[in-house]
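First up is the structure itself, then whatever we jot down about it.
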Amino acid sequence: MQRASRAASIGIVAPTLCETATVSPPDLPPGEPSLMLLPFAGPVESRMSSKIAPFQTMDASSVPKHFEAAEAELRWDRCWEEWGTYRYDPSRPRAETFVVDTPPPTVSGSLHIGHAFSFTHTDFLVRFHRMRGMNVFYPMGWDDNGVPTERRVQNYFHVRCDPAAPHDPNLQLEPANAKLRKRRPREVSRQNFIELCHLITQEDEKAFHEVWRRMALSVDWTQTYATIDDHCRMLAQWSFRDLFEKGHVYNVDAPFMWDVDFQMALAQADIEDRQQAGAYCDIEFGVEGGNEGFVIATTRPELLPACVGVTAHPEDERYRNFFGKKAITPLFRVPVPIFPSELADPEKGTGILMVCTFGDSTDVDWWRQHQLESRQLLGRNGRLIEVEFGSEAFPSLDPDAANRFYGELVGKRVAQARAAVTEQLADPSGSATGNGAPLQGAPRPIEHAVKFYEKGDNPLEFVQTRQWFVRLLDKKRELLEQGERIEWHPDFMKVRYRDWTEGLQLDWCISRQRYFGVPIPVWYPLDDAGERDYANPIVADREQLPIDPMSDVPTGYTPEQRDQPGGFSGERDIFDTWFTSSLTPEIGSHWTLDDDRHAKLFPADVRPQSHEIIRTWAFYTILKALLHENEIPWRHVLISGWVLDPDRKKMSKSLGNVQTPLPIIERHSADAVRYWAGIARLGVDTATDEKVFKVGKRLSTKIFNAGKFVLSQTAEVHPITAELDRAFVQKLSDLVERSTRDFEAFQHASVLKETESFFWTHFTDTYLELVKARARAEGEDEAAARGSAVAALRLGLDVLLRLLAPFLPYITEEVWSWVFAQEKGERSIHRAPWPSGENFRGIDPPANSGSFDVAVACWTAINKSKADAEVSMGRDALNLTIAANPQTLSLLDPVLADVLAAGRCRAHQLAESADLDDGVFEILDAEFAPKPE
RNA sequence: UGGCACGUAGCUCAGCGGGAGAGCGCCGCCUUGACACGGCGGAGGUCGGCGGUUCGAAACCGCCCGUGCCAACCA
């Protein structure tokens with residue numbers, strides 16, 4: 001309390017903080033919360049210099065010995081929030097606005113250090129532009145939708161969604177324990193399931209929120225959205241309606257990629273290839289009207305009952321005679337056409353193969369092109385369905401045998417059916433030619449690529465279902481052009497986008513057979529027989545949105561008409577989660593809701609993201625902006641690399657090597673973690689490294705101590721006139737110029753490295769030491785020299801703090817608050833202007849541009865002579881002979897007094913030594929004072 | 001198999017047409033008044049390999065080797 005009242009009377013930053021100081025934040029322990037919350041405000045003597053305006057110093061002894069990062073992080077976070085330091089100002093014009101299309105993290109995914117890494121990259125740039133005077137729009141979104149959340153709810157509560165189950169309005173569930181997990185999952189209604197999803201995402205959001213605050217992401221927290229909230233659902237559904245009206249979406253009933261475990265359709269972007277062990281089975285087929293046969297090689301013998309054709313290359317001599325005839329499948333004795341196809345590769349397998357409904361996408365092509373029969377045997381759950389051979393749909397020359405064989409397969413999953421069929425094929429009774437067992441020899445093991453859903457555990461199948469699509473194959477050229485209009489950082493990442501776009505083979509399947517997400521806002525009229533009219537869907541009106549077609553009713557119908565002949569039926573599917581997240585720029589800009597805001601915030605300036613989702617998030621966002629507004633969604637894309645574990649493996653949940661940010665922050669401080677992220681360039685994968693965190697921590701400690709020293713120099717400031725001071729300022733001015741240029745070019749890592757290097761090499765290790773004595777020189781006639789040093793020291797600290805502020809927001813704010821906050825009239829350094837030529841106006845350049853380096857070289861030579869003599873640097877030199885060539889000695893002259901003072905040199909001689917190189921000094925005949933008792 | 005990126009000191013990386021660099025680690029020394037959560041000094045590399053362009057290549061070009069990522073490869 002005493003501290004608080006004193007600060008108030010001194011009035012640095014205290015007036016605004018008094019309120020803060022009286023508020024006990026809920027997340028701090030009780031005790032002395034008011035003290036904890038007060039930014040340090042040591043005693044300040046306010047003086048007016050006759051030469052340079054308001055000037056304050058502080059008493060270094062009043063500053064704590066060490067910087068307590070954890071305490072400061074909580075304290076400053078509260079201040080920034082109270083001050084609205086990061087608030088977007090909607091009244092300012094577009095030209096002054098800098099817009100970020102922030103990635104909404106999947107909140108039910110694991111929060112790891114990689115998130116902190118890439119989000120911090122964005123924050124560096126944001127803070128730079130804010131200090132440059134831009135009005136920053138930096139929102140935060142949460143991605144709640146989709147499979148990860150459903151999975152998490154299923155595991156957390158040990159439940160499954162059963163759409164047929166009745167809703168339980170009083171459902172209360174605890175997290176499942178081990179005992180509960182042994183039982184079958186509890187089945188809950190669709191609505192209950194969705195409520196559980198909401199519950200868990202809210203909890204997960206808090207975890208992210210806490211880490212973001214602690215990392216000092218300068219987000220405007222008043223601009224927050226969640227992909228499941230009304231605003232996002234409305235815009236996603238409106239997006240669908242707009243695309244529908246423009247003719248870009250359609251629904252079709254066709255064979256498509258299907259995950260048998262999730263039981264949902266997928267888009268090309270959701271698929272990955274995995275190397276799998278498989279085996280070629282060589283199977284003899286018969287040919288109708290004889291006992292001839294041929295052998296096909298297949299890795300999917302279980303699809304034999306679904307065989308609808310056989311094909312070989314038209315030029316293949318081995319099989320030419322068969323074209324036009326019918327093949328007879330073994331076991332099931334089904335006659336199927338044999339036709340030529342350029343797509344068959346004579347080199348592969350035996351050169352002749354079976355076409356099934358459906359083994360792969362080529363099967364689908366053949367099936368379409370040659371109008372083959374449809375004999376879909378694989379059900380949506382991945383098990384073989386019941387069929388009757390000998391019926392019209394499943395003809396057979398020997399229905400009894402076929403049904404006997406097939407009876408052993410019904411209900412089996414793919415892998416089980418494969419084993420069973422392989423066994424059956426080894427039985428001669430199944431032969432189509434009478435030449436013994438259809439299986440020729442043992443299956444031959446191979447490794448081959450198989451398509452998987454990226455989150456799935458079983459290979460994809462092609463299953464005929466009805467799905468909604470966005471047409472994109474006809475828009476490749478425009479999409480590629482949009483990609484060219486955007487600047488990619490690093491630029492080679494553009495290639496990823498181009499390759500993906502050029503390689504597109506399928507339209508975007510946007511319907512998903514899931515529960516937690518944005519419903520497709522469509523109903524279907526039912527005819528008199530109660531069948532859905534898919535050709536004439538009823539798309540919800542704008543005014544109705546957002547809607548859930550399972551509970552809301554289309555205009556012109558009554559609730560009683562739901563699922564009645566002549567009535568309507570609601571679409572059950574929801575959107576692919578990317579359908580919503582591809583609208584993040586429009587979600588932030590309030591597209592279609594607020595034209596003025598949209599004009600200011602769209603297109604955005606930057607989109608930060610990681611490279612593995614170029615094909616999804618970046619691609620779909622570009623697509624949406626093109627189709628809705630014929631625009632690019634943002635001008636720049638920033639691609640952060642991945643975070644690897646110390647063994648350089650990608651951090652992922654499945655590998656179990658995930659590190660979470662909070663323990664690292666607690667151990668090393670948020671600034672240290674930000675430093676680690678800051679030295680990594682965009683697009684470069686980076687390993688977590690204790691050593692680097694420590695370097696960051698060390699830098700912030702040094703800033704704390706150097707700040708304490710500089711601001712406690714009590715001499716009045718004067719114009720910067722001394723040669724060494726002017727030489728230092730010139731170097732500083734060059735640094736500002738380079739840093740600004742690098743930041744403008746999205747090279748944050750160079751800014752940090754250069755500034756850090758300058759801070760140590762040119763500021764604390766050299767300049768500060770060289771002028772220390774002069775800054776403390778006593779006597780009236782030393783006032784100008786003294787004041788010049790103090791002014792340059794303060795200028796150096798001021799500029800370096802600001803250059804480092806985007807990277808190390810806590811320590812720079814802390815030091816800023818001691819004196820500069822009031823002196824410069826800006827309470828937060830994060831609102832202070834970025835350094836520029838303005839800061840150096842009126843300071844003359846040095847007489848010699850080499851003065852600084854010569855001073856350092858000479859001082860270093862003196863230090864070396866002390867090191868060689870194994871005496872402390874603090875020991876006085878009684879007498880030194882300084883040798884250098886005449887040119888170098890003449891450069892030394894204007895800075896010699898500073899060098900001698902820093903070297904504690906009581907007496908000296910200069911010796912011309914023409915054979916020494918420029919800038920090189922040698923110390924001869926050094927004599928040091930004896931070690932004091 | 002194709003595309004992209006990367007290969008520089010023990011480790012992590014910067015440099016990308018004219019001096020081979022930084023931090024950490026290592027060795028030696030120093031309690032100094034902002035800082036021992038310090039400071040000073042030092043050792044350490046034929047810049048993956050082979051060719052080419054150039055007066056000059058770690059850097060530019062070609063080929064090769066290695067690593068990573070992306071994409072393709074389901075008969």
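Per chain, numbering begins at 1; letters A, B, ... match sequence-line order. Treat the numbers as computed from the prediction; the structure is a model and nothing was measured.
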Is the positively charged end of A/Lys772 above the ring of A/Phe709, judged by distance under 6.0 angstrom from the centroid and angle within 45° of the axis?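 Flagged: A/Lys772 positioned over aromatic ring of A/Phe709.
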Any pair with a residue in [range] that passes salt bridge (Lys or Arg N to Asp or Glu O under 4.0 Å), sequence neighbours left out, goes on the list, sorted by first then second residue, please.
| range | answer |
| --- | --- |
| residues 270-280 of chain A | A/Asp270-A/Arg512, A/Glu272-A/Arg274, A/Asp273-A/Lys451 |
| residues 860-869 of chain A | A/Lys864-A/Asp868 |
| residues 678-687 of chain A | none |

What residues, two or more places apart in sequence or in another chain, satisfy ring pair (Phe, Tyr, Trp, His ring centres under 6.0 Å) together with A/Phe807?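 Result, ring pair (Phe, Tyr, Trp, His ring centres under 6.0 Å) vs A/Phe807: A/Phe124, A/Phe743.
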Can you list the residues that meet the ring pair (Phe, Tyr, Trp, His ring centres under 6.0 Å) rule with A/Phe117, with sequence neighbours excluded?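 Checked A/Phe117 against ring pair (Phe, Tyr, Trp, His ring centres under 6.0 Å); matches are A/His121, A/Trp676.
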Restricting to salt bridge (charged side-chain N to carboxylate O under 4.0 Å, His left out), what partner residues turn up for A/Arg906, sequence neighbours left out?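 Residues passing salt bridge (charged side-chain N to carboxylate O under 4.0 Å, His left out) with A/Arg906: A/Asp876.
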Can you sort out the partners of A/Lys731 under salt bridge (charged side-chain N to carboxylate O under 4.0 Å, His left out), two or more places apart, ordered by chain and number? A/Asp853
Using whole Å, report how far CG of A/Leu793 lies from P of B/A34.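 So the CG-P distance, A/Leu793 to B/A34, works out to 12 Å.
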Only counting residues at least two apart or in another chain, list the ones meeting side-chain contact (heavy atoms from CB on, under 4.5 Å) with A/Phe323. A/Ala312, A/Arg320, A/Ile338, A/Pro340
Review item, side-chain donor-acceptor pairs of residues 299-310 of chain A, under 3.5 Å, at least two apart:
{"from": "A/Arg300", "atom 1": "NE", "to": "A/Glu302", "atom 2": "OE2", "distance (Å)": "2.9"}
{"from": "A/Arg300", "atom 1": "NH1", "to": "A/Glu461", "atom 2": "OE1", "distance (Å)": "3.0"}
{"from": "A/Arg300", "atom 1": "NH2", "to": "A/Glu302", "atom 2": "OE2", "distance (Å)": "3.1"}
{"from": "A/Arg300", "atom 1": "NH2", "to": "A/Glu461", "atom 2": "OE1", "distance (Å)": "3.1"}
{"from": "A/Arg300", "atom 1": "NH2", "to": "A/Glu461", "atom 2": "OE2", "distance (Å)": "3.0"}
{"from": "A/Glu302", "atom 1": "OE1", "to": "A/Arg418", "atom 2": "NE", "distance (Å)": "3.0"}
{"from": "A/Glu302", "atom 1": "OE2", "to": "A/Arg418", "atom 2": "NH2", "distance (Å)": "3.0"}

Using a 3.5 Å limit for the pairing distances, which stems of at least 3 consecutive Watson-Crick or G-U wobble pairs does RNA chain B take part in?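 Listed by first number, the stems are B:1-7 with B:65-71, B:10-13 with B:21-24, B:26-30 with B:38-42, B:48-52 with B:60-64.
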A/His611 side-chain N/O to B/C4 phosphate OP1/OP2 under 4.0 Å: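 For B/C4, OP1/OP2 do not have a side-chain N/O of A/His611 under 4.0 Å.
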A/Lys65 vs B/A34: side-chain N/O to OP1/OP2 distance below 4.0 Å: no
To the side chain of A/Thr701, which of B/G42, B/C37, B/A75 is closest?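 Closest nucleotide among those given: B/C37.
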Tell me which residues in residues 761-776 of chain A lie within less than 4.0 Å of RNA chain B, going by non-hydrogen atoms.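 Contacting residues: A/Thr764, A/Asp765, A/Leu768, A/Glu769, A/Lys772, A/Arg776.
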In B/S/- notation (B base, S sugar-phosphate only, - none; protein heavy atoms under 4.0 Å), nucleotides 11-25 of chain B written 5' to 3' is BSSSS-------SB-
